[in-house]
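Dropping a structure here in structure tokens format, bear with me for questions.
Along the sequence shown, the residues carry numbers beginning at 1. What you see is a predicted model; the values in this text were computed from it and never measured. Atom set for the values below is all heavy atoms of this structure, side chains included, hydrogens, waters and symmetry mates excluded.
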Amino acid sequence: MLNSKRLTPLYESLASYFLKPSRGSAVFAKTSPVHLISLRTMAKSKFEYVRNFEVDDTCLRNCWIVVRLDGRNFHKFAEQHSFTKPNDDRALNLMTRCAQAVMEELEDIVIAYGQSDEYSFVFQKKSNWFKRRASKFMTHVASQFASSYVFYWKDYFQDQTLLYPPGFDGRVILYPSNQNLRDYLSWRQADCHINNLFNTVFWNLVQKGGLTTSQAEEKLRGTLSGDKNEILFSEFNINYNNEPLIHRKGTALVWKKIDEITTKTIKLTNEEKEKEIVVTRTRKKVTPLHCDLIGEEFWEEHSEILEDDS
């Protein structure tokens with residue numbers, strides 16, 4: 001048993017045994033069996049009991065695991081980085097690029113959906129990534145997404161300096177059935193439509209109609225979707241149904257098989273000459289789609305996403 005009074009001498013001996021500087025470089029010295037035993041003993045210290053305070057956050061089996069990220073205080077972030085209103089395609093495409101990076105890192109994600117400053121990632125029911133620990137799912141997705149946002153910023157905002165790194169909060173939700181999952185994605189897409197319709201009318205009233213933001217809010221108070229469509233058409237000659245799909249529907253990311261054609265140089269048998277041949281390789285690639293997720297067509301075309309509920 002390791003005596004606590006011997007801890008200080010032990011640390012000193014470890015320093016002298018393990019690292020001996022020699023002209024600017026570290027040289028490992030031979031370690032005695034006694035010190036190896038001491039190291040093993042230290043790994044099982046009396047302080048290890050604190051691990052008992054960790055909460056078991058294992059996700060239930062046979063449930064879809066959804067991680068949703070939302071930009072933290074992105075209204076202020078958009079203002080300070082001069083985002084175009086009501087939609088900045090640079091920002092939307094950057095968000096999608098970050099989501100693609102997450103999916104490429106975690107191939108258990110079967111579909112992702114994003115709009116505005118949020119993205120949802122759906123892990124397959126049988127995923128055993130991180131031993132299904134919710135905290136691991138959430139922190140890995142959030143950190144990968146946030147770091148990608150900074151990494152790819154210049155690809156989309158060439159003339160705009162990133163003033164400070166963005167933040168994203170996350171949550172983990174479990175859905176036991178395919179219908180639950182579809183309803184979740186339908187809810188997020190319906191939210192996209194509601195918010196985009198309001199913002200499209202609002203900013204047209206401000207930018208083209210000459211109203212202040214307070215006047216535009218007051219004019220839209222209590223209006224329904226039909227009223228907003230009428231304002232767009234009668235006052236600005238805009239048919240909302242002709243607005244870009246990425247704005248109205250958001251972006252779904254799915255895995256698609258694609259054929260990549262490359263050329264390969266080979267040596268002919270018993271000859272010194274070389275010959276170029278065409279090689280076709282099939283691989284999976286994360287592909288963005290701007291389409292309806294509420295109806296049946298998407299799910300019929302991508303039936304591989306949903307697993308059997310039985």
Heavy-atom side-chain proximity of I305 to F298 below 4.5 angstrom:
yes

Cluster overlap M103 with I111, hydrophobic side-chain contacts below 4.5 Å
no

Do the charged groups of R188 and E118 touch, with an N to O distance under 4.0 Å?
yes

Using a 4.5 Å cut-off on heavy atoms from C-beta on, say whether the side chain of H81 contacts that of F157.
no

H193 vs Y240 side-chain heavy atoms within contact, under 4.5 Å
yes

State whether a side-chain donor-acceptor pair under 3.5 Å links Y152 with R97.
yes

Could you tell me if the side chain of F83 sits less than 4.5 Å from the side chain of L92, heavy atoms only?
no

Does E79 come within less than 4.0 Å of K76, counting only side-chain N to carboxylate O?
no

If you round to the nearest 0.5 Å, how far is NE2 of H75 from CG of D117?
11.5 Å

As a quick check of understanding, evaluate side chain to side chain donor-acceptor pair (under 3.5 Å) for H247 and D89, giving each step before the final call.
CA-CA 9 Å; H247 302 160; D89 287 340; 2.7 Å; yes

How far does CG of D183 sit from CD1 of I294, to the nearest 0.5 angstrom?
10.0 Å

Close side-chain approach of C59 to F123, heavy-atom, < 4.5 Å
no

So, using side chain to side chain contact (heavy atoms under 4.5 Å, CB included) as the criterion, who are the partners of W187 when residues are at least two apart?
R68, Y184

Approximate separation, where rounding is to 0.5 Å, of Q124 CD and I65 CD1:
9.5 Å

If Ile, Leu, Val, Met, Phe, Trp and Tyr residues are connected whenever their side-chain heavy atoms lie under 4.5 Å apart, and connections chain through other members, are V254 and M95 in the same group?
no

If you measure only the distance, is there a donor-acceptor pair under 3.5 Å linking the side chains of N199 and N195?
no

Flag side-chain contact, heavy atom, 4.5 Å: V122 against Y113:
no

T287 and W255, any side-chain heavy atoms less than 4.5 Å apart
no

Pair up each side-chain donor or acceptor in residues 227-237 with any protein partner under 3.5 Å, not counting sequence neighbours, and list the distances.
residue	atom	partner	partner atom	Å
D227	OD2	L224	N	2.8
K228	NZ	T223	O	2.9
K228	NZ	T223	OG1	3.1
N229	ND2	S225	O	2.9
S234	OG	E230	O	2.6
E235	OE1	K219	NZ	3.4
E235	OE2	K219	NZ	2.7

Can you list, pair by pair, the side-chain donor-acceptor contacts under 3.5 Å of residues 141-151, counting residues two or more places apart and other chains?
residue	atom	partner	partner atom	Å
S143	OG	T139	O	2.8
S143	OG	H140	O	3.1
S147	OG	S143	O	2.9
S147	OG	Q144	O	3.1
S148	OG	Q144	O	2.7

Just how far is it from atom CD of E297 to atom NE2 of H302, taken to the nearest 0.5 Å?
10.0 Å

Within one Ile-Leu-Val-Met-Phe-Trp-Tyr cluster: I109 and Y119, side-chain cutoff 4.5 Å:
yes

So CZ of R90 and OG of S82: to nearest 0.5 Å the spacing works out to 8.0 Å

Give the cluster check for F74 versus Y156: same hydrophobic cluster or not, with ILVMFWY residues linked at side-chain heavy-atom distances below 4.5 Å.
yes

Between E304 and K256, does any side-chain N to carboxylate O distance fall below 4.0 Å?
no

L162 CG to W153 CH2 distance, which is reported to the nearest 0.5 Å
5.5 Å

